[in-house]
Asker: 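Here it is, the structure, as structure tokens.
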Amino acid sequence: MQAPAAGGVSAPRGNGKTIRLAQGATLTDFAEKIGANPASLVAIMMHLGKMVTATQSVDPDDLMSLGLELDFDVQVVSPEDEDRALLESFDIEYGEDEGGEENLQTRPPVVTVMGHVDHGKTKLLDAVRHANVQAGEAGGITQHIGAYQVETEVDGEERKITFIDTPGHEAFTAMRARGADTTDLVVLVVAADDGVKPQTTEAIDHATAAGVPIVVAVNKIDVEGADPNRVRAQLTEYGLVAEEFGGDTQFIDVSAKQGTNIDGLLEAIVLTADASLDLKANPDMPAQGSAIEAHLDKGRGAVATVLVQRGTLRVGDSIVCGVANGRVRAMLDENGNSVEEAGPSRPVMVLGLAAVPGAGDNFLVVEDDRVARQIADKRVARKRNAELLKSRKSSSLEELFKDLERGERQELLLILKGDVSGSVEALEDSLLKIDVGDEVNLRIIRRGVGAITQDDVNLSLASEGAVIIGFNVRPERNAQELADREGVDIRYYSIIYQAIEEIEAALKGMLKPEFEEVQLGTAEVREIFKVPRIGNVAGSMVTSGIIQRNAKARLVRDGVVVSDNLTVSSLRRFKDDATEVREGFECGIGVGYNDIKLGDVIECFEMREKPRD
């Protein structure tokens, strides 16, 4: 039985029935769920003041409004819940160890190194793994995420530690927000000669929010002016009290440059992990974990650095990682050596994926390639719907009228492409934090790894001029030709901060200019002349500043503005035309206004654009 819906269009009534729809769902998806004609839902949306086609991704709020109209309880499923339901449909439980307590074995701690810029984070990792990474970084700034495993001896026993190097605290938090709870412990690097700085406190906040223990590495103890005790005293204000002060935080004095006390730092990490954490995982199950970084290699295809969190990953396994799937062709350790298997807390580079996954994407081993491909295809479709929803401008009739009234709202659309997913993640997070007020909006409609493709250029065209940002990547030849032909704006960067500065400047440039009034001068009316075809002209004395021809003017009488928005249409000194007349000189002023009286004051001013902060 069908009841007439809004506008007299027939559609099924739900009687409060619950419908679950994915983000980016279309009216066709909605119609399939309730057994209705998509065209009738288009008509109802028109009645609700929304212009949406049957195959267009619909905003979640609009889907709920449509559900209320038809008496359905619409629940828009989050991507995480949708992904969980997708995996459950294949009888896969992600994030849980299979088997009982007897199957669990101790695993190495996973450590993230954080701290203020130039305090020696990369140098410290260099010292730990005896490899110079910083020399290859643009501007000396760590912009990629890498993972490395080292060995140390504690109480006569060989112990392993996995280090993750992040490009910034924001990326660390962004990855955790996406479910990549990879870090067990944070090493906070503080320079002994510099003390606590803004990014030091940021790092503490991020680590505290993540609920992970902290080991403090007091670096640069060999530098002149180094005062490790001052660092200990400063950090007590942030809740990090050294053991020698009666607290429970380990402080280790090191020199990354000289390689001093690196073993002591590794021992402190192991002891803190043993004391604070119960790190165990089941190695005898299909592998699960997270992608730390990924990039497209010209010779080897998609290469992903993954961290195994539970189970054991083996060459030949069928895996799915985010929207990518494939079979593990080969695995390499941090030194480029081939490995046949990787257990819990082991970082490895995986070759064999058909696409490049994102930083923080979970990976899991499935029974065969077919299942991996099905899961990946469903995730790709969901991602495409989300991108279409992002690139589509709001189509509310009410909002369209408002845009027309106030002048179209300015919006900057971006497509981000980078060499590795960690850099793209950090760049996106930083760009979205740029704030230039409510007048201008920034939206990132796609982000990905690898060269800029023809598809990226086409998406820019479809979204009416999205700017493509290439971070350490270049466009493919056909993509460059299409961009040149269609006038698509592609920007290239190799340093994150430079990209942020330029995008912020672009956003500020899109703001409507603000003007302020600047007074040029005043003149007092001493005589009034009637001039044929012009009207009254004020014989005046310039009492301050200058009077300029064609400048704006107002007429003031006894302190009250008699007429505003006038223009100095004529300006004469005796019988000669003048461009401007300065203070102390007499002149004749015509402002196109006849009601002028002796003693009136003519104020001359101009509107100047105010510079943006």
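Quick caveat, the model's predicted, so the values are computed rather than measured.
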Asker: Is a donor on one side and an acceptor on the other found under 3.5 Å between the side chain of Glu293 and the backbone of Val420?
Answerer: no

Asker: Filter on side-chain hydrogen bond (donor to acceptor under 3.5 Å, both in side chains), then keep only pairs touching residues 523-532, sequence neighbours left out; what's left?
Answerer: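 Listed once each, the pairs would be none.
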
Asker: Before you tell me yes or no, could you show the steps for Phe30 and Val74 under side chain to side chain contact (heavy atoms under 4.5 Å, CB included), namely the whole-Å CA-CA distance, both residues' side-chain angles and the distance that decides it to 0.1 Å?
Answerer: CA-CA 9 Å; Phe30 197 129; Val74 174; 3.7 Å; yes

Asker: For Asp455, is there an ion pair with Arg446 - N to carboxylate O distance below 4.0 angstrom?
Answerer: yes

Asker: Test Leu459 against Ile468 for side chain to side chain contact (heavy atoms under 4.5 Å, CB included), laying out the working first.
Answerer: CA-CA 10 Å; Leu459 179 61; Ile468 300 174; over 6 Å; no

Asker: Side-chain contact test, heavy atoms from C-beta onward, threshold under 4.5 Å: evaluate it for Ile415 versus Ile445 and give yes or no.
Answerer: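 With C-beta onward as the side chain, the pair touches.
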
Asker: Side-chain atoms of residues 579-592: list all donor-acceptor pairs with protein atoms under 3.5 Å, sequence neighbours left out, distances to 0.1 Å.
Answerer:
residue	atom	partner	partner atom	Å
Glu580	OE2	Arg582	NH2	3.0

Asker: Quick one: CG on Asn472 to CD1 on Ile495, what's the gap to the nearest 0.5 Å?
Answerer: 9.5 Å

Asker: Checking the side chain of Asp489 only, and the main-chain atoms of Val467 only, is there a donor and an acceptor separated by less than 3.5 Å?
Answerer: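 Not at all, since once roles are kept as given, no pair shorter than 3.5 Å links the two residues.
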
Asker: Check the pair Phe72 / Lys33 against side chain to side chain contact (heavy atoms under 4.5 Å, CB included), numbers first and verdict last.
Answerer: CA-CA 11 Å; Phe72 285 100; Lys33 292 272 188 182; over 6 Å; no

Asker: Under a 3.5 Å threshold, yes or no: a donor from one side chain and an acceptor from the other, between Ser65 and Asp62?
Answerer: no

Asker: Is any side-chain heavy atom of Gln56 less than 4.5 Å from a side-chain heavy atom of Leu27?
Answerer: no

Asker: Between Gly322 and Asp361, which heavy-atom pair has the shortest distance, and what is it?
Answerer: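 Nearest heavy atoms, Gly322 then Asp361: CA-OD2, 3.6 Å.
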
Asker: Within a radius of less than 6.0 Å around CG of Asp595, do more than 12 heavy atoms belonging to other residues, nucleotides or ligands occur?
Answerer: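 Atom CG in Asp595 is packed in, count exceeds 12.
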
Asker: Give the minimum heavy-atom separation between Ile496 and Ser423, together with the two atoms involved.
Answerer: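 The pair with the smallest heavy-atom distance is CD1-O, 4.4 Å.
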
Asker: Would a 4.5 Å heavy-atom cut-off, applied to side chains only, mark Arg447 and Leu427 as touching?
Answerer: no

Asker: Give the intermediate values and the outcome of side chain to side chain contact (heavy atoms under 4.5 Å, CB included) for residues Arg549 and Asp577.
Answerer: CA-CA 9 Å; Arg549 184 193 289 179; Asp577 287 333; 2.9 Å; yes

Asker: Looking at Thr543 and Thr522, would you say the former's side chain and the latter's main chain have a donor-acceptor pair under 3.5 Å?
Answerer: yes

Asker: Output yes when a side-chain donor or acceptor of Ser460 lies under 3.5 Å from a complementary backbone atom of Ala466, and no otherwise.
Answerer: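 Here the side-chain-to-backbone pair exists.
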
Asker: Might you point out which heavy atoms bring Val542 and Ile547 nearest each other, and give the distance in Å?
Answerer: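 In terms of heavy atoms, the two residues are closest at CG2-CG1, 3.8 Å.
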
Asker: Looking at Gln480, Glu481, Glu486, which hits side chain to side chain contact (heavy atoms under 4.5 Å, CB included) with Asp484?
Answerer: Gln480

Asker: Test of understanding: with side-chain contact (heavy atoms from CB on, under 4.5 Å), list the residues that count as partners of Ala25, not counting sequence neighbours.
Answerer: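 Partners of Ala25 under the side-chain contact (heavy atoms from CB on, under 4.5 Å) test: Leu21, Asp29, Leu63.
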
Asker: Do you know the tightest heavy-atom contact between Ala203 and Leu188?
Answerer: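 The pair with the smallest heavy-atom distance is CB-CD1, 3.6 Å.
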
Asker: In the structure I gave you, are the side-chain heavy atoms of Ile602 and Leu555 within less than 4.5 Å of one another anywhere?
Answerer: yes

Asker: Decide yes or no for Asp59 and Val52: does some side-chain heavy atom of the first lie under 4.5 Å from some side-chain heavy atom of the second?
Answerer: no

Asker: I'd like to know if the side chain of Asp429 reaches the main chain of Ala426, judged simply by a donor and an acceptor atom lying under 3.5 Å from each other, with no hydrogens or angles considered.
Answerer: no

Asker: Measure the shortest side-chain to side-chain distance between Leu431 and Ile500 over non-hydrogen atoms and say whether it is less than 4.5 angstrom.
Answerer: yes

Asker: Of all heavy-atom pairs between Ala294 and Pro357, which one has the smallest distance, and what is that distance?
Answerer: CB-O, 3.5 Å

Asker: For Phe529 versus Gly539, what's the shortest heavy-atom pair and its separation?
Answerer: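 Closest approach of Phe529 to Gly539: CE1-CA, 3.8 Å.
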
Asker: Are Met51 and Met46 packed together at the side-chain level, in the sense that at least one heavy-atom pair is separated by less than 4.5 angstrom?
Answerer: yes

